[in-house]
Amino acid sequence: MVLRFYNTLSRQKEVFTPLQEGEVRMYHCGPTVYKRPHIGNYRAFLFADLLRRWFEANELKVTQVMNLTDVGHLTDDADAGEDKLQQEAERTKVDPWAIVDQVSQAFFADLNALGVVPAHHYPRATDHIPEMVAMIEILLEKGHAYRVGDNIYFDVHSFPEYGKLSGNRVEDLEAGARLEINQEKRHPADFALWKSDPHHLMKWNTAFGEDGFPGWHIECSAMARKYLGDHFDLHTGGEDNVFPHHECEIAQSESALNGSFVSLWMHTRFLQVDGGKMSKSLGNVYSIDDLIERGFHPFDFRFLVQRGHYRTSLNFTWEALKGAAEARKSLQDLWSRLANEMSKVSGLSAAAALAQAEAAAEVAPFAKEFREGLNDDLNTSKAVAALFGLRTAVLRADFPEPNRTAAAALLYAADLILGLFPAEEDSADGLSDAEIEALVLARTAAKAAKDFAAADDLRNQLTTAGIVVEDTPQGAKWHRG
RNA sequence: GCCGGCAUAGCCAAGUGGUAAGGCAAUGGAUUGCAAAUCCAUCACCCCCAGUUCGAGUCUGGGUGCCGGCUCCA
């Protein structure tokens with residue numbers, strides 16, 4: 001098994017070697033819970049889910065952490081800066097803690113709808129104030145941070161490698177600074193670790209003062225350390241996190257902990273809508289519910305995202321989503337056709353199912369293409385193409401019967417890894433096989449008698465019950481849709 | 001102004017320098033009582049201009065357009 005991933009830090013694909021053999025520890029920058037996440041946010045979270053699933057399919061033990069940022073961050077570093085959560089709270093006259101609760105619930109509901117496997121920890125920033133304070137104290141002691149009144153800043157010049165992730169240089173940042181220079185700071189690129197403001201709605205009484213709140217970046221450093229240790233395998237986020245957020249995390253953590261922090265940094269490219277950035281004014285900032293209202297299943301969106309590569313900007317359009325939905329439906333149809341064989345492989349692990357598929361000559365080429373695609377920096381396009389290759393092969397009349405189970409195994413594994421098909425809904429009006437057979441036979445008889453009205457009526461009954469009837473040269477066949 | 005990325009058919013999207021995966025849609029045919037499904041077939045000179053090379057979507061330079069960061073943002 002050789003997994004290769006593109007590392008933002010080195011700007012190239014690298015062979016992945018876990019720090020601890022057989023284990024992967026990873027951290028994902030999660031949502032700021034001040035307003036409901038949109039589909040663009042979910043592209044990043046679906047990517048995290050895919051990583052998790054593929055690692056587990058490779059029999060690695062995964063520890064996965066995704067933070068919830070529930071304390072607002074400053075819109076700028078000047079003292080007048082407000083934070084989004086505070087703004088939202090003031091705008092809606094709702095207590096910020098209530099907003100956090102409400103948005104968090106919506107977030108988890110969306111994750112569930114998208115079939116995301118829950119991370120092991122979803123730490124909240126406000127639950128980790130002591131950890132952040134402790135880390136800031138280390139930075140002060142080591143001379144990487146300085147205090148001005150009740151504000152504390154990280155001294156960028158104390159970390160010579162600042163800029164290694166983003167490629168930015170401290171000098172350029174200074175030259176391009178569009179902000180009013182905060183006179184408190186020694187250098188414009190210095191960033192806040194802790195701020196104090198009596199008017200802030202969310203504030204804590206700490207050694208740094210009575211009315212303080214954390215800077216934007218420190219929460220991830222502190223929480224990652226707590227749940228994953230000082231040095232862990234990989235950290236992900238959207239491309240916009242590269243700078244300043246992740247750059248600052250690196251500076252803080254490596255300064256505080258004397259050593260490398262994260263081995264592999266992975267970032268997802270933004271989702272575009274209608275060829276450009278989604279924006280409120282264009283009215284194309286969609287939520288998962290918006291997709292559902294238009295008649296799509298959240299898994300259609302999941303499939304759309306996973307048909308493309310995470311490092312390429314994906315253009316979301318309703319037409320593209322429709323295309324993904326149709327494509328997913330045809331794989332779902334394949335699943336139904338393999339229902340009998342599916343029962344023989346269900347319960348297998350993804351690793352075992354994939355191995356079984358690779359062991360069968362007729363299916364192996366597709367299984368290999370699927371695996372190799374994912375091994376190569378999660379090339380899901382290639383992996384999905386393999387599934388369509390499998391579909392074509394299975395649907396050919398001469399597909400060898402013994403290999404149908406292997407084909408089912410591959411599709412089953414693909415579902416465990418990509419999350420293609422929602423869990424079966426309990427069909428309350430489900431017909432038994434015998435009842436279906438009777439209806440199908442009755443329809444065949446009606447057709448033979450040229451009573452097409454009756455035949456169509458029977459077909460409608462079956463369709464309504466979720467049964468697909470196919471007239472083939474070998475007679476009528478049916479399967480559950 | 002300074003960093004970084006992308007540009008492939010109507011749409012979405014892969015692509016180690018050797019003559020363009022896959023899907024959706026569409027079109028023709030087979031099949032059907034009509035459909036649906038399925039099967040067969042058709043459907044791209046890879047943004048523009050130079051250059052390197054025996055050979056470039058794939059490398060280099062210059063344009064144009066879009067995206068990200070430098071400011072909260074996946």
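Every heavy atom of this structure was used, including side-chain atoms; hydrogens, water molecules and symmetry mates were not. Every value quoted in this text rests on a predicted model; they were computed, and no experiment measured them. We name chains A, B, ... by the order of the sequence lines, and we start the count at 1 in each one.
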P gap between B:rG22 and B:rA41, integer Å: 12 Å

What's A:E470 touching, base or sugar-phosphate or nothing? Going by heavy atoms closer than 4.0 Å. base

Would you call the rings of A:H267 and A:W265 parallel, tilted or perpendicular, taking 30° and 60° as the class edges? parallel

Report which part of the nucleic acid A:G389 touches: base, sugar-phosphate, or nothing (heavy-atom distance under 4.0 Å, all strands). nothing

Choose from B:rC70, B:rG4, B:rG33 the nucleotide whose nearest atom is closest to any side-chain atom of A:P244. B:rC70

Can you tell which of B:rG4, B:rA14, B:rC12 lies closest to the side chain of A:T312? B:rA14

Checking all strands, does A:R43 fall into the base, sugar-phosphate, or nothing category for heavy-atom contacts under 4.0 angstrom? nothing

What is the pairing partner of B:rC6, taking Watson-Crick or G-U wobble pairs with both distances under 3.5 Å in any strand? B:rG65

Separation of the C1' atoms in B:rU16 and B:rG57, to the nearest angstrom: 14 Å

Could you identify the nucleotide paired to B:rU19, looking across every strand shown and requiring Watson-Crick or G-U wobble geometry with both distances under 3.5 Å? none

Among the nucleotides B:rC6, B:rC3, B:rU38, which one has an atom lying closest to any side-chain atom of A:S313? B:rC6

Distance check, C1' atoms only: B:rC48 and B:rA37, in whole angstrom units. 45 Å

Near A:K13 NZ, under 6.0 Å, is it more than 12 heavy atoms from other residues, nucleotides or ligands? yes

For the side chain of A:N379, counting heavy atoms from C-beta on, which of B:rG15, B:rC40, B:rC70 is nearest? B:rG15

With the side chain of A:A44 defined as its heavy atoms from C-beta on, choose the nearest nucleotide among B:rA14, B:rA74, B:rG69. B:rA74

Considering only atom C1', compute the distance from B:rU64 to B:rC12 and round it to an integer number of Å. 24 Å

For A:F232 and A:F261, take the angle between the two ring planes, folded into 0 to 90°, and tell me which bin it lands in: parallel under 30, tilted 30 to 60, perpendicular over 60. perpendicular

Parallel, tilted or perpendicular, as decided by the 30° and 60° cut-offs, for the rings of A:F55 and A:F5: perpendicular

What does A:H309 touch in the nucleic acid at a heavy-atom separation under 4.0 angstrom: a base, only the sugar-phosphate, or nothing? sugar-phosphate

B:rC6 versus B:rC43 - spacing of their C1' atoms, nearest Å: 26 Å

Assigned partner base of B:rG1, Watson-Crick or wobble definition, under 3.5 Å: B:rC70

I want to verify a distance call: between B:rC11, B:rA35, B:rC39, whose nearest atom is closest to the A:A320 side chain? B:rC11

Provide, to the nearest angstrom, the distance between the CH2 atom belonging to A:W478 and the P atom belonging to B:rU38. 19 Å

Mind calculating the distance between CE (A:M266) and P (B:rG68) to the nearest angstrom? 21 Å

Please determine, for B:rU53, whether a Watson-Crick or G-U wobble partner exists with both distances under 3.5 Å, and give it or none. none

Any-strand Watson-Crick or G-U partner of B:rG33, both distances under 3.5 Å: none

Taking for each residue the nucleotide of RNA chain B with the nearest heavy atom, is it A:K13 or A:K447 whose nucleotide lies nearer the 5' end? A:K13

Mind checking A:F243 for me? I need base, sugar-phosphate or nothing, with any heavy atom below 4.0 Å counting as a touch. sugar-phosphate

Using the six-membered ring wherever Trp is involved, compare the ring planes of A:F191 and A:Y162 and label them parallel, tilted or perpendicular (cut-offs 30° and 60°). parallel

Determine whether a donor-acceptor pair (one donor, one acceptor, N or O, separation below 3.5 Å) exists between the side chain of A:D471 and the base of B:rA37. no

Output the rounded distance in Å from OH (A:Y310) to P (B:rA14). 12 Å

Answer with base, sugar-phosphate or nothing: what part of the nucleic acid does A:L271 contact at a heavy-atom distance below 4.0 Å? base

Can you label the angle between the A:H245 ring and the A:H217 ring as parallel, tilted or perpendicular, going by 30° and 60°? tilted

B:rU19 and B:rC54: how far apart are their C1' atoms, nearest whole angstrom? 13 Å

d(CH2, A:W318; P, B:rC12) in whole Å: 15 Å

Just how far, in rounded Å, is P of B:rC70 from CG of A:D190? 17 Å

Give the ring-plane orientation class for A:F154 versus A:F159, where under 30° counts as parallel, over 60° as perpendicular and anything between as tilted. perpendicular

Side-chain atoms of A:D240 come closest, of B:rA25, B:rG69, B:rC67, to B:rG69

Would you classify A:G40 as touching base, sugar-phosphate or nothing, given that sugar-phosphate means primed atoms plus P, OP1 and OP2, and contacts are heavy atoms under 4.0 Å? base

Looking at every strand, decide which applies to A:R391 at a 4.0 Å heavy-atom threshold: base, sugar-phosphate, or nothing. sugar-phosphate

For nucleotides B:rG51 and B:rC11, find the distance between their P atoms and express it as a whole number of Å. 31 Å

Tell me whether the NZ or CZ atom of A:R311 lies within the 45° cone about the ring axis of A:Y6 and under 6.0 Å from its centre. yes

Is any side-chain heavy atom of A:L271 less than 4.5 Å from a side-chain heavy atom of A:M278? yes

Checking contacts here: which listed nucleotide (B:rA74, B:rG22, B:rG33) is nearest the side-chain heavy atoms of A:A455? B:rG33

Do A:R459 and B:rA35 share a donor-acceptor pair, side chain to base, under 3.5 Å? yes

RNA chain B: A:E319 or A:R337, which has the more 5' nearest nucleotide? A:E319

Take atom CD of A:E326 and atom C1' of B:rG23, then tell me their distance rounded to the nearest Å. 11 Å

Where the side chain of A:A327 is defined as all heavy atoms beyond and including C-beta, which of B:rC24, B:rG68, B:rC11 is the nearest nucleotide? B:rC24

B:rA74 base stacked by A:F270 (centroids within less than 5.5 Å, tilt under 30°): yes

Tell me which nucleotide, if any, is Watson-Crick or G-U wobble paired with B:rC46 when both distances must be under 3.5 Å. none

How close or far is atom P of B:rA7 from atom CZ of A:R311, stated in whole angstroms? 11 Å

Separation of the P atoms in B:rA30 and B:rA21, to the nearest angstrom: 29 Å

Classify the side chain of A:D456 versus the base of B:rG33 as yes if they form a donor-acceptor pair under 3.5 Å and no if they do not. yes

Nearest to the side chain of A:M278, which nucleotide is it out of B:rC34, B:rA74, B:rC39? B:rA74

Send over the distance from A:K277 NZ to B:rA74 C1', rounded to a whole Å. 11 Å

